[in-house]
Student: 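Quick one: this structure, given as structure tokens, is what I'll be asking you about.
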2 protein chains.
Amino acid sequence: MAATIRDVAHAAGVSQATVSRALSMPELVRPTTRARVEAAARELGYRPNRAARGLITGRTGNLGLIVPDLSNPFFAAVVKGVQAAARAADHSVFIADTDEEAGVEADLLRALAKQVDGLILCSPRAPDDELAAVDSDSTIVLMNRRAGDRPSVTVDNADGMRQALEHLVALGHRRVAFVAGPRTSWSNTQREEGLHRSAEAGHVELVHLGHFPPQFEGGVAAADLAVASGATAVIAYNDLVALGLLSRLGARGIPVPSAMSVVGCDDIGMSAMSHPALTTVSVPKRAAGRATVGLLLSLLDAGADGSPLHRELPTQLIVRATTEVAPPTKGTTR
Amino acid sequence: MAATIRDVAHAAGVSQATVSRALSMPELVRPTTRARVEAAARELGYRPNRAARGLITGRTGNLGLIVPDLSNPFFAAVVKGVQAAARAADHSVFIADTDEEAGVEADLLRALAKQVDGLILCSPRAPDDELAAVDSDSTIVLMNRRAGDRPSVTVDNADGMRQALEHLVALGHRRVAFVAGPRTSWSNTQREEGLHRSAEAGHVELVHLGHFPPQFEGGVAAADLAVASGATAVIAYNDLVALGLLSRLGARGIPVPSAMSVVGCDDIGMSAMSHPALTTVSVPKRAAGRATVGLLLSLLDAGADGSPLHRELPTQLIVRATTEVAPPTKGTTR
DNA sequence: GTGAAAGCGCTAACAG
DNA sequence: CTGTTAGCGCTTTCAC
């Protein structure tokens with residue numbers, strides 16, 4: 001069995017309380033004693049039992065993270081960020097994957113709530129009221145979503161779309177299609193809205209293409225619609241969809257970008273590797289993960305005082321090879 | 001504050017012990033009492049504190065999972081499998097990402113050991129002796145690696161390579177290159193060995209191409225070597241590398257598969273979506289994750305009796321569009 | 001069947 | 001500065 005605080009106390013010839021102090025608040029114990037305790041602890045390979053500690057302090061040192069789909073590179077990157085930040089702050093993280101099912105979010109939330117200090121809900125698919133209903137004991141921070149007053153970390157989706165659209169307009173595109181993502185995705189709504197606003201300002205026609213699953217297949221399915229829409233450029237909900245678009249366009253022999261420009265969103269690793277390399281709106285995934293942990297931890301420490309409850313990170317268009325000057329068209333607004 | 005067992009006991013007019021029994025060993029308490037307790041528990045939204053329970057039972061209901069890189073789709077899939085199986089067994093899982101650094105594996109291992117019942121070490125990069133040194137308090141199961149007597153779940157890498165090579169041989173290839181992955185990767189060693197054995201049996205020349213990072217970039221870097229080697233086909237350590245190969249080959253105007261056949265390994269989602277679609281050795285990632293949890297749990301329950309300590313899952317070649325009959329060559333073994 | 005009491009490993013008052 | 005005491009929420013003897 002592993003060494004307990006008692007063993008260390010014994011070995012060092014002090015009380016358990018002293019061991020506890022020597023290890024957690026070193027300045028409260030005399031240097032010589034501290035040294036003795038530390039030596040004993042090292043000797044025995046003592047590592048405090050966090051569960052036992054949590055029982056009394058109310059802090060477990062654990063964070064929970066719930067994501068829709070780990071196999072989506074976007075979320076994988078977020079998880080890496082969260083995990084790294086948590087580790088730096090000496091916390092561990094529970095991971096849970098909902099498989100894009102809104103229903104299990106609440107379940108997982110409740111299941112984890114007791115074992116963690118705080119919970120990060122990444123891109124939750126559940127409706128607002130359902131999220132509000134979960135008044136867990138533990139602090140919840142939303143990521144990639146805003147719902148009421150719940151603290152959140154988001155990225156400036158609307159501005160990213162603005163950059164993408166302005167880029168296309170500058171290239172002469174006057175009719176642009178948007179391939180929408182999941183209806184229940186907050187990011188999707190934000191992106192749509194940002195696009196609509198910018199389209200009005202820029203005098204561009206925006207064609208809205210139904211809702212598609214945020215995956216490669218979604219893009220494949222949407223490609224023909226985009227072509228038929230008469231648009232000369234298409235902006236996809238995310239890179240996976242954009243990659244699907246590229247694939248189907250290629251299969252149909254429609255050259256990108258000469259006949260059709262394509263813009264993605266997220267800047268997942270794959271997008272730099274496609275042929276041609278994808279122009280995309282870069283989202284700071286890792287940083288968002290880190291920021292969320294930061295917000296959560298500050299909330300836990302300060303008890304919601306001081307620090308702002310919302311944090312919004314910037315997005316940045318990355319121009320690669322899938323966008324080009326618009327081809328001459330037949331009947332465009334001009 | 002959340003409801004405790006005391007609250008429930010009070011509400012139901014019984015003792016804490018009865019509540020505990022009614023919930024954990026229902027057959028030990030009279031049906032009417034049980035009903036009363038269950039009602040009270042539901043009423044108060046009572047959920048037992050697992051940390052407190054763990055303190056006494058010695059079981060936390062938590063599992064730990066350590067992977068080299070979450071952003072590698074292969075590991076993402078494994079994590080999904082692990083997570084799903086754990087959830088089905090009412091366990092939670094801690095995730096940790098080592099960023100491919102062998103050094104942090106032991107650290108993470110020790111950090112998590114106290115908080116979990118069992119640990120899954122996925123594709124560990126640390127050398128055997130270092131792994132052996134970690135005699136954590138918690139049960140450790142290796143995945144994608146074998147080291148001494150440690151329980152493990154692996155896939156039949158060698159057989160997968162055999163299938164790939166036989167396929168190429170059947171297509172007339174007589175000189176095949178292998179782009180190796182990380183030197184410290186056990187899978188890589190297995191794949192190399194399997195390949196060498198099959199090459200001898202099949203009278204094929206095998207060209208070994210240095211060690212490359214198991215990523216897209218690795219493949220990009222290896223492509224020119226593969227071409228220069230005079231091989232008519234190349235097998236990559238994994239799909240990411242194969243995709244990089246495809247990319248560089250395309251950039252150089254070398255048609256795949258007519259001038260060069262390419263085979264990957266793992267069958268990550270992306271490989272079906274590349275152009276042309278990648279021929280690859282499919283590895284049951286999710287299933288491996290599930291199997292590992294199964295093994296771990298059985299070990300925890302049975303205390304290592306009965307069930308075998310090693311489990312090997314089959315691999316399966318999937319022929320898609322990157323392999324073809326070998327082109328006529330100048331000076332081949334023939 | 002059920003309750004009382006002890007105790008898992010640890011920290012937080014409170015004395016000294 | 002350090003030891004003593006109490007108790008976090010839960011399960012488990014051991015009586016009844």
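Below, chains carry the letters A, B, ... as their sequence lines are ordered, and counting in each starts from 1.
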Student: Whole angstrom is fine here: how far is it from CG in N49(A) over to C1' in dT11(C)?
Tutor: 13 Å

Student: Could you tell me the separation between the NZ atom of K114(A) and the P atom of dC8(D), rounded to a whole number of Å?
Tutor: 15 Å

Student: Can you check the L55(B) CG to dT11(C) P distance for me, whole Å?
Tutor: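 Rounding to the nearest Å, CG of L55(B) and P of dT11(C) are 12 Å apart.
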
Student: Run the salt-bridge test on R145(B) and D128(B) with the 4.0 Å N-O cut-off and return the result as yes or no.
Tutor: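 Looking at D128(B) together with R145(B), the answer is yes, because their closest N to O distance falls below 4.0 Å.
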
Student: Does a side-chain N-to-carboxylate-O contact under 4.0 Å join D99(A) and R125(A)?
Tutor: no

Student: S15(B) or I5(A): which one's nearest nucleotide on DNA chain C is closer to the 5' end?
Tutor: S15(B)

Student: State which of dT11(C), dG3(C), dC10(D) makes the closest approach to the side chain of P48(B).
Tutor: dC10(D)

Student: What is the distance, to the nearest angstrom, from the CD atom on Q16(A) to the P atom on dG7(C)?
Tutor: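 For the pair Q16(A) CD and dG7(C) P, the rounded distance is 13 Å.
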
Student: Counting side-chain heavy atoms from CB outward, which of dG9(C), dG3(D), dT12(D) is closest to T57(B)?
Tutor: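 Between dG9(C), dG3(D), dT12(D), the one nearest the side chain of T57(B) would be dT12(D).
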
Student: Is there a side-chain polar atom (N or O) of R53(B) under 4.0 Å from OP1 or OP2 of dT11(D)?
Tutor: yes

Student: When we call it a touch if two heavy atoms are under 4.0 Å apart, what does R21(A) touch: a base, just sugar-phosphate, or nothing?
Tutor: base

Student: Within the pair S20(B) and dC10(D), is there a side-chain N or O less than 4.0 Å away from OP1 or OP2?
Tutor: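 Answer is no, no contact under 4.0 Å.
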
Student: Report the distance from atom CZ of R6(A) to atom P of dC8(C), rounded to the nearest whole Å.
Tutor: 7 Å

Student: Taking only the side-chain nitrogens and oxygens of T4(A), find out if one of them lies under 4.0 Å from OP1 or OP2 of dG9(C).
Tutor: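 Indeed not, no polar side-chain atom of T4(A) lies that close.
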
Student: If you look at every heavy atom in D97(A) and L70(A), which pair is closest and at what distance?
Tutor: OD2-N, 2.8 Å

Student: Using a cut-off of 6.0 Å, state whether more than 12 heavy atoms not belonging to D129(A) lie near its atom CG.
Tutor: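 Yes, the 6.0 Å shell around CG holds more than 12 heavy atoms from other groups.
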
Student: Round to the nearest Å and state the distance from R36(B) atom CZ to dT2(C) atom C1'.
Tutor: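 Roughly 11 Å, once rounded to whole Å.
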
Student: Return the nearest nucleotide to the side chain of A17(B); candidates are dA12(C), dG3(C), dT2(C).
Tutor: dG3(C)

Student: In whole Å, measure the gap between the C1' atoms of dA6(C) and dT5(D) for me.
Tutor: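 After rounding to an integer number of Å, I get 16 Å for this pair.
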
Student: Looking at T33(A), does any N or O in its side chain come under 4.0 Å of the phosphate oxygens OP1/OP2 on dT2(D)?
Tutor: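 T33(A) to dT2(D) OP1/OP2: side-chain N or O found under 4.0 Å.
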
Student: Is the shortest side-chain N to carboxylate O distance from R50(B) to D90(B) below 4.0 Å?
Tutor: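 Looking at R50(B) and D90(B), the cut-off is met.
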
Student: Rounding to a whole Å, what distance do you find between H10(B):NE2 and dG9(D):P?
Tutor: 14 Å

Student: Atom CD1 of I56(A) to atom P of dT5(D): distance rounded to whole Å?
Tutor: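 Rounded to the whole Å, the gap is 16 Å.
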
